[in-house]
Amino acid sequence: GGGSPLFVLEDVVAGYADCTVLRGVTLEVRPGEVVALLGANGAGKSTTCAVAAGDLPATGGRVLLDGVDVTAWPAHRRARAGVLLAPEGRGVFPGLTVEENLRTWLADPGPVYDRLPQLAARRTVAAGALSGGEQQLLTLAPALVRPPRVLIADEPSLGLAPLVVRQVFDVFAELRDRGVALLLVEEKATEALAVADRVAFMRLGGVTWTGPRSEVDGDRLTAAYLGVR
Ligand code: ATP
């Protein structure tokens with residue numbers, strides 16, 4: 001990654017009902033850059049993704065896309081502007097086959113099958129009968145065919161078998177190389193760090209440290225998860 005930030009959360013405050021979760025979160029993602037958002041359970045990572053995607057309103061601060069204030073934009077408007085949340089970026093219809101799912105948005109599924117051969121092998125199977133990993137790949141197919149500007153991935157490998165986890169991360173690496181700005185929340189720190197350019201640690205609704213992946217070592221990881229700074 002390089003250049004100026006494409007997607008920015010600036011001092012974002014947000015929460016649920018009378019419970020404030022994010023207490024001023026600031027994050028920047030550049031085109032062609034993966035920012036891994038790490039931290040203990042309950043730190044506010046999923047809430048950050050929800051605000052970034054427009055699924056949860058910010059009650060303070062701003063969200064900027066290429067310098068445009070999109071804080072008040074709902075999720076569908078952000079999606080049209082190229083900000084996608086994965087895995088649920090685009091719904092998968094469980095009663096339709098893999099082929100029918102792809103054809104709801106793509107005239108010729110060939111490019112998807114070329115890139116993700118295991119979907120080709122399952123083309124006549126109902127999406128609802130796929131493994132979790134196959135469903136995840138089906139969900140990521142639109143991003144491969146028409147890369148978004150910003151991809152927000154919240155626990156994309158949750159519950160997936162190791163081989164599929166690698167494929168999902170390969171997709172992220174390819175999207176990064178094609179210039180997508182990626183914000184990645186991932187419990188599997190090793191996998192996240194392998195693809196990350198920069199890392200942000202969250203704790204208690206705030207970002208406690210941001211820096212290049214090269215500056216993250218075991219001590220810093222331990223400190224971040226234990227809440228030591
Ligand atoms: P995890 O890895 O466990 O999902 P996280 O860092 O993603 O952790 P969040 O899921 O953002 O953290 O949760 C942050 C806080 O917000 C937690 O205290 C959680 O209980 C609370 N929270 C999350 N979702 C809701 C909700 N829908 N309603 C009320 N409180 C919520």
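In listed order, ligands and their atoms are each counted from 1. Remember, it's a predicted structure, so these values are computed and weren't measured experimentally. We number each residue from 1, following the sequence as shown.
Side chains of Gln136 and Gln167: a donor-acceptor N/O pair is absent below 3.5 angstrom, by distance only. Side chains of Thr26 and Asp11: a donor-acceptor N/O pair is absent below 3.5 angstrom, by distance only. Between the side chains of Thr124 and Glu99, no donor N or O sits under 3.5 Å from an acceptor N or O.
Applying the 4.0 Å criterion to heavy atoms of Val21 picks out, from ligand 1, the atoms 14 (C), 15 (C), 16 (O). Near Glu187, meaning under 4.0 Å from one of its heavy atoms, ligand 1 places the atoms 2 (O). Atoms of ligand 1 found under 4.0 Å from any heavy atom of Ala40 (numbered from 1 in listed order, with element): 6 (O).
The nearest protein atom to atom 30 (N) of ligand 1, hydrogens excluded, is given as Tyr16 CD1, 3.4 Å; this is a heavy-atom distance. Here the protein heavy atom with the shortest distance to atom 12 (O) of ligand 1 is Gly44 N, 3.1 Å. Distance from atom 5 (P) of ligand 1 to its nearest protein heavy atom, with residue and atom name: Lys45 N, 3.4 Å. Of all protein heavy atoms, the one lying nearest to atom 9 (P) of ligand 1 is Thr47 OG1, 3.7 Å. Of all protein heavy atoms, the one lying nearest to atom 2 (O) of ligand 1 is Asn41 OD1, 3.2 Å. Residue, atom and distance of the protein heavy atom nearest to atom 8 (O) of ligand 1 are Gly42 N, 2.7 Å.
A side-chain donor-acceptor contact under 3.5 Å links Thr208 to the backbone of Phe201. In this structure a side-chain-to-backbone donor-acceptor pair under 3.5 Å is missing from Thr97 to Val125. When atom types are taken as modelled, the side chain of Arg78 and the backbone of Thr71 share a donor-acceptor pair closer than 3.5 angstrom. Between the side chain of Gln135 and the backbone N or O of Ala127, at least one donor-acceptor pair lies under 3.5 Å.
Shown here, atom 19 (C) of ligand 1 is out of close reach of the protein: none of its heavy atoms lies under 4.0 Å off. Inside a 4.0 Å radius of atom 24 (N) of ligand 1 there is at least one protein heavy atom.
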Run the numbers on Arg166 and Glu191 for salt bridge (Lys or Arg N to Asp or Glu O under 4.0 Å), then give the verdict.
-> CA-CA 8 Å; Arg166 197 169 322 131; Glu191 279 82 358; over 6 Å; no

Would you sort out whether Arg176 and Asp197 count as a salt bridge (Lys or Arg N to Asp or Glu O under 4.0 Å), showing the intermediate values?
-> CA-CA 10 Å; Arg176 185 257 319 272; Asp197 300 291; 3.3 Å; yes

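Ligand 1 has no atom lying under 4.0 Å from any heavy atom of Gly39.
Geometrically, ligand 1 and Glu155 share no nitrogen or oxygen pair separated by less than 3.5 Å. For ligand 1, the polar-atom distance check finds no N/O of Thr48 at less than 3.5 Å from any of the ligand's N/O atoms.
Between the choices Ala50, Gly205, Ser46, the shortest heavy-atom distance to atom 10 (O) of ligand 1 belongs to Ser46.
Counting heavy atoms under 4.0 Å from ligand 1, residue Cys19 does not touch it at all.
Under a cutoff of 6.0 Å and an axis angle of 45°, Arg123 and Tyr113 form a cation-pi pair.
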